[in-house]
Every structure is written in C-alpha cells, then in structure tokens.
Number of protein chains: 2
Amino acid sequence: MNHPEAESRAAAQADPQAESRALAALGALAHAQRLRLFRALVVAGLDGLTPGVLAERLEIARNTLSFHLKELAHAGLVTIEQQGRNLVYRADFARMNELLGYLSEHCCQGGVCEIGPGSCVTGSSC
Amino acid sequence: MNHPEAESRAAAQADPQAESRALAALGALAHAQRLRLFRALVVAGLDGLTPGVLAERLEIARNTLSFHLKELAHAGLVTIEQQGRNLVYRADFARMNELLGYLSEHCCQGGVCEIGPGSCVTGSSC
DNA sequence: AAAATGGTTCAACAATTCTTGTATTATTGA
DNA sequence: TCAATAATACAAGAATTGTTGAACCATTTT
C-alpha cells in the first residue's frame, strides 16, 4: 500500500462500472459531429460555450445539436450550467481523463512494452 | 526543431486523416463485445489469439465474432496472420497509441491544466 | 479423395441511431 | 402582458449497425 499510483490503478480496475462508463464515452465520441463538438468545448476550456454559439460555429441545426449535446452529457463528458436564458456547456476533463486512464491500462497490459520503449503514450509502466 | 515531442505532436495534428482514424477506432471500441475482444487480444500480447479460442472464451457465435473482428481490423486496431488453417489476431498497439495520443492532445488543450496538476493522464504538457 | 476442422461470407431480419420538422418551455425586454 | 430569444422535447422517417442461419472456402487428417 505504499505506491499511490498502483493503488489508484487497482481501484480504477476494481470499479465494476468503469467499463460501462468507458463504453458510454467511446460511443459518445465515435461520431464526427460530437467529436468536433467536444473538441470545441475542450478548446473553449473553463469558459464553456452556449448551444447557440456552437450551432453557428459548427453549422449544425439547433435541434440536432441539442440531441448530440445531450448524448455527450449523458456519457458524462460535458457539464451544463444555466446562465440566464443561456446554457453553458463545458467539457468534463475529469471524465475524459478517466477514459484515457481506462484505455491506457488496456493498452499497456500484457505486451506493448515488449514492442519497444516509448510506444505507450503514458510511459507509466513501460 | 529541437523538441522532438512537440514535433511529433505537430505532425500528428497536421495529419489530415488523424481525425478519421480516431473516429474509426472510437467506433470500433464503442461496443461491449468488441471492447472485450480487444482487451483479450491486448492481454494475449504478441502471441495473439485465434477466432476459435476467442469464440469459446467470450461465448460469441463464430459468425458474429468474425463480423466484429473484421470491424476491429477495418479500424486498424488488430492485425491478422494466417498460420496453417488458423488465423492469429493481434492487437495493434501502435494504432491504439495513436488513438491515445489523439485523445490526449484534445484533452490537454486549452484548459485542463488550469483545473489541477495531475489531472491529465499523460502529464506531458501540463 | 473424403471427412473434419477453422473460419469467413452472404442475405434477411432486428435493433439502434440519426435527422428533421414542429411544438413546447423558460427567460428577457419593451 | 406581449413579443422575442434560447434552447429542448417529441414523433416519424431514414440510415446505419448488429445478429442469425445457411452456405461456402481453405487446410489438415485419415
């Protein structure tokens, strides 16, 4: 119990819902418009963006945009805050990092390190 | 040009097909059976696994399995080698790392670092 | 060569996801 | 209160994706 990194990894792996959260996030990002949407929100950072701005910038119909934002929100990848009559959407970086952590674990397990140094993006256990 | 990391990042970003490859990989992994399939191949490492073994272990019908393996192969996430009358499927770690790199970039851009240290899995530019 | 094994392909159907038009809710400002 | 703005909700059709049974091809064994 004296290795915090390994501990948090084990915890992540023990979480029985980690897989379904990863699946939801993967599914949410596996769509061209949603991936761009999410990227726009990541670039916007803590300021976030309103649906109106997003619809204009990405040239997506408002109801279609609303549908896709809901998908991202349902997957936990974005948060919503109401400001007057506007909604502000923001990327949820913690959830995104959880996804990266999940994928990294499964990337590094059992073989990638035999292929070559630096082949794993995290470099953590390689 | 004296910073190889930044260089490889810029190259990755300049690649006009990076997004479509990322989308294909995300779509391939955004399915419970395929994600488990891929995980099994990652754990199997360089030895790989045959469809027969995978079908038995994961309890998937052979034709269904074949369909999903084809999806993974089409996304570039697995490779196929023929050995006698068996096929050996292996996870393509390079492609998986490319996906992680793509996602990491978009995770770290423009704001995540303001949230807190260590919030980004790669820790690279944070 | 015939039978067995390992695996894929195809077609048809089922299920899910995406889009679009229309209607609705909530907030702001005159 | 009335009109305008911001955004979502719903329903129906279109499109895509997933599953299954049956047929097929290649390799090995007898």
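No hydrogens, no waters, no symmetry mates; every other heavy atom, side chains included, goes into these values. Just so we're on the same page: letters track the sequence lines, and every chain starts at 1.
In this structure, the CZ atom of A:Arg62 is 16 Å from the C1' atom of C:dT22, given to the nearest Å. As a whole-Å value, the separation of A:Glu71 CD from D:dA9 P is 12 Å. Distance A:Asn86 CG to D:dT5 P: 13 Å, rounded to the nearest Å. Taking atom CG of A:Leu65 as the reference point, atom P of D:dA6 lies 14 Å away to the nearest angstrom. The CD-P distance, from B:Glu81 to C:dG6, rounds to 18 Å in whole Å. Atoms CG (B:Leu69) and P (C:dG6) sit 16 Å apart, rounded to a whole Å. Atom pair A:Leu49:CG and D:dA7:C1' shows a separation of 15 Å (rounding to whole Å applied). Per the geometry, CG belonging to A:Leu23 stands 12 Å off P belonging to C:dT17, to the nearest Å.
Annotation: side-chain hydrogen bond (donor to acceptor under 3.5 Å, both in side chains) contacts of A:Glu59 (sequence neighbours excluded): none. Annotation: side-chain hydrogen bond (donor to acceptor under 3.5 Å, both in side chains) contacts of B:Glu56 (sequence neighbours excluded): none.
Rounded to the nearest 0.5 angstrom, B:Arg34 CZ and B:Leu58 CG are separated by 13.5 Å. B:Leu49 contributes atom CG, which lies 12.5 Å from atom CG of B:Leu87 (distance to the nearest 0.5 angstrom).
Closest heavy-atom contact between A:Leu23 and B:Ala30: CD2-C, 4.0 Å. Considering all non-hydrogen atoms of both residues, A:Ile60 and A:Leu37 come closest at CD1-CD1, 4.3 Å. Counting all heavy atoms, side chain and backbone alike, B:Val78 lies closest to B:Leu69 at CG2-O, 4.1 Å.
Within the structure, salt bridge (Lys or Arg N to Asp or Glu O under 4.0 Å) pairs that include any residue of residues 79-95 of chain B comprise B:Glu81-B:Arg90, B:Arg95-B:Glu98 (at least two apart or interchain).
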Taking only N/O atoms, report every protein-nucleotides 19-21 of chain C pair under 3.5 Å with atom names and distance.
residue, atom, partner, partner atom, Å
C:dT19, OP2, A:His68, NE2, 2.6
C:dG21, N7, A:Asn63, ND2, 2.7
C:dG21, O6, A:Asn63, ND2, 3.1

Using atom names, set out every protein N or O paired with an N or O of nucleotides 24-30 of chain D below 3.5 Å, distance rounded to 0.1 Å.
none

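For C:dC18, one of the phosphate oxygens OP1 or OP2 lies less than 4.0 angstrom from a side-chain nitrogen or oxygen of A:Arg34. Within the 4.0 Å cut-off from OP1 or OP2 of C:dG6, not a single side-chain nitrogen or oxygen of B:Tyr89 is found. The phosphate of C:dG7 has OP1 or OP2 within less than 4.0 Å of a side-chain N or O from B:Thr50.
By the 4.5 Å heavy-atom criterion applied to side chains, A:Leu35 and B:Tyr102 are counted as neighbours. Contact check for A:Leu41 versus A:Leu77: no side-chain heavy atoms found under the 4.5 Å cut-off. Put simply, the side chain of B:Phe38 reaches to within 4.5 Å of the side chain of B:Met96, judged on heavy atoms.
Listed by residue number, A:Pro51, A:Gly52 are the residues of residues 51-60 of chain A with a heavy-atom contact under 4.0 Å to DNA chain D.
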